[in-house]
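Inspection log for the structure reproduced underneath, given as structure tokens.
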Amino acid sequence: MTRPVVLGAVVDAQTRCVHYRGPLDIVAIRFACCGGWYPCLHCHDEVADHAIRPWPLDARDEQAVLCGACGATLAIGTYLRVEQCPYCAAPFNPGCALHHCVYFRM
């Protein structure tokens with residue numbers, strides 16, 4: 001499978017951006033509103049011409065999270081239950097949970 005193109009102010013191959021570039025900031029999200037992959041809400045807001053719309057509750061099976069370490073895509077429901085990538089064990093930033101309500105209806 002081809003790795004999705006991540007839009008926005010991406011600074012490295014693991015999807016870090018100018019807004020979040022710590023060692024654990026390796027996730028990109030496919031946004032429900034446009035289908036584009038972005039490292040964060042700020043990258044989306046800087047590039048997109050529309051407001052963010054979160055994924056609905058019944059979309060937990062959507063492959064909408066990208067692990068920047070290995071390139072695997074995760075279902076939303078899986079991502080919300082794990083602290084690291086289930087494919088490569090790369091840890092995810094626990095602080096991202098602060099933004100889950102922006103990306104996913106909770």
Side-chain angles (χ1 to χ4, degrees):
M1 180 177 173
T2 304
R3 187 178 180 127
V5 174
V6 179
L7 306 170
V10 181
V11 297
D12 72 14
Q14 291 192 329
T15 76
R16 290 178 188 90
C17 67
V18 297
H19 309 103
Y20 300 101
R21 55 186 174 272
L24 302 181
D25 294 316
I26 59 167
V27 168
I29 307 290
R30 182 167 58 94
F31 280 67
C33 49
C34 59
W37 292 88
Y38 294 90
C40 77
L41 65 159
H42 306 297
C43 285
H44 177 277
D45 286 346
E46 290 173 359
V47 175
D49 61 356
H50 57 271
I52 294 171
R53 179 176 43 86
W55 286 97
L57 284 171
D58 64 357
R60 293 299 195 246
D61 291 334
E62 285 288 333
Q63 297 290 312
V65 180
L66 173 70
C67 173
C70 71
T73 56
L74 286 68
I76 294 167
T78 300
Y79 172 68
L80 293 174
R81 289 189 309 271
V82 300
E83 296 178 0
Q84 63 187 27
C85 177
Y87 300 99
C88 72
F92 296 146
N93 186 339
C96 291
L98 297 172
H99 301 129
H100 284 175
C101 63
V102 174
Y103 307 123
F104 317 113
R105 187 88 52 215
M106 301 305 285

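These numbers come from a predicted model, not from an experiment.
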(request) Would you name the heavy atoms of A90 and I26 that are closest together and state the gap between them? (result)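 Heavy atoms only, the tightest pair is CB-CD1, 3.6 Å.
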
(message) Give me the atom names and distance for the closest heavy-atom approach of C101 to L98.
(response) SG-O, 4.3 Å

Please list, one pair per line, the donor and acceptor atoms closer than 3.5 Å that link side chains of residues 33-52 to other protein atoms, with sequence neighbours excluded.
{"residue": "H42", "atom": "NE2", "partner": "Y20", "partner atom": "OH", "Å": "3.3"}
{"residue": "H44", "atom": "NE2", "partner": "H50", "partner atom": "NE2", "Å": "3.2"}
{"residue": "E46", "atom": "OE2", "partner": "H19", "partner atom": "NE2", "Å": "2.8"}

(message) Hydrophobic clustering (ILVMFWY, side-chain heavy atoms < 4.5 Å, transitive) - are V6 and I76 grouped together?
(response)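 Not linked; separate clusters.
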
(message) Please say yes or no: joined through hydrophobic side-chain contacts below 4.5 Å, possibly via intermediate residues, are V27 and V5 part of one cluster?
(response)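 Yes, one cluster joins them.
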
(request) Output the distance between atom OG1 (T78) and atom OH (Y87), rounded to the nearest 0.5 Å. (result)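 Atom-to-atom, T78:OG1 and Y87:OH are 6.5 Å apart.
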
(message) Could you work out, with side chain to side chain donor-acceptor pair (under 3.5 Å) as the rule, every residue matching R60, not counting sequence neighbours?
(response)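 For R60 there are no side chain to side chain donor-acceptor pair (under 3.5 Å) partners, ignoring immediate neighbours.
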
(request) Keeping the roles fixed (side chain from R53, backbone from A32), state whether a donor-acceptor pair exists under 3.5 Å. (result)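 Side chain of R53 to backbone of A32: a pair is present.
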
(message) Could you list the cluster mates of L24? Members are the ILVMFWY residues connected by side-chain heavy atoms closer than 4.5 Å, either directly or through other members.
(response) none

(request) In sequence, state the C-alpha distance, the side-chain angles, and the governing distance for R3 and T15, and then conclude on side-chain contact (heavy atoms from CB on, under 4.5 Å). (result) CA-CA 11 Å; R3 187 178 180 127; T15 76; 4.1 Å; yes

(request) Go through the structure and list residues passing side chain to side chain contact (heavy atoms under 4.5 Å, CB included) with Q63, not counting sequence neighbours. (result) T73, A75

(request) Mind checking side chain to side chain contact (heavy atoms under 4.5 Å, CB included) for P54 and listing every partner two or more places apart, or none if nothing turns up? (result)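 Side chain to side chain contact (heavy atoms under 4.5 Å, CB included) list for P54, sorted by chain: R105.
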
Show every donor-acceptor pair shorter than 3.5 Å between a side-chain atom in residues 64-72 and any protein atom, with sequence neighbours excluded, or say none if there are none.
none

(request) With side-chain contact (heavy atoms from CB on, under 4.5 Å) as the test, would you mind laying out the steps for I29 and F104 before giving the verdict? (result) CA-CA 10 Å; I29 307 290; F104 317 113; 4.0 Å; yes

(message) Tell me which one of W55, Y79, F92 satisfies ring-ring contact (aromatic ring centres under 6.0 Å, His included) with H100.
(response)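 Result: among W55, Y79, F92, Y79 is the only option passing the ring-ring contact (aromatic ring centres under 6.0 Å, His included) with H100.
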
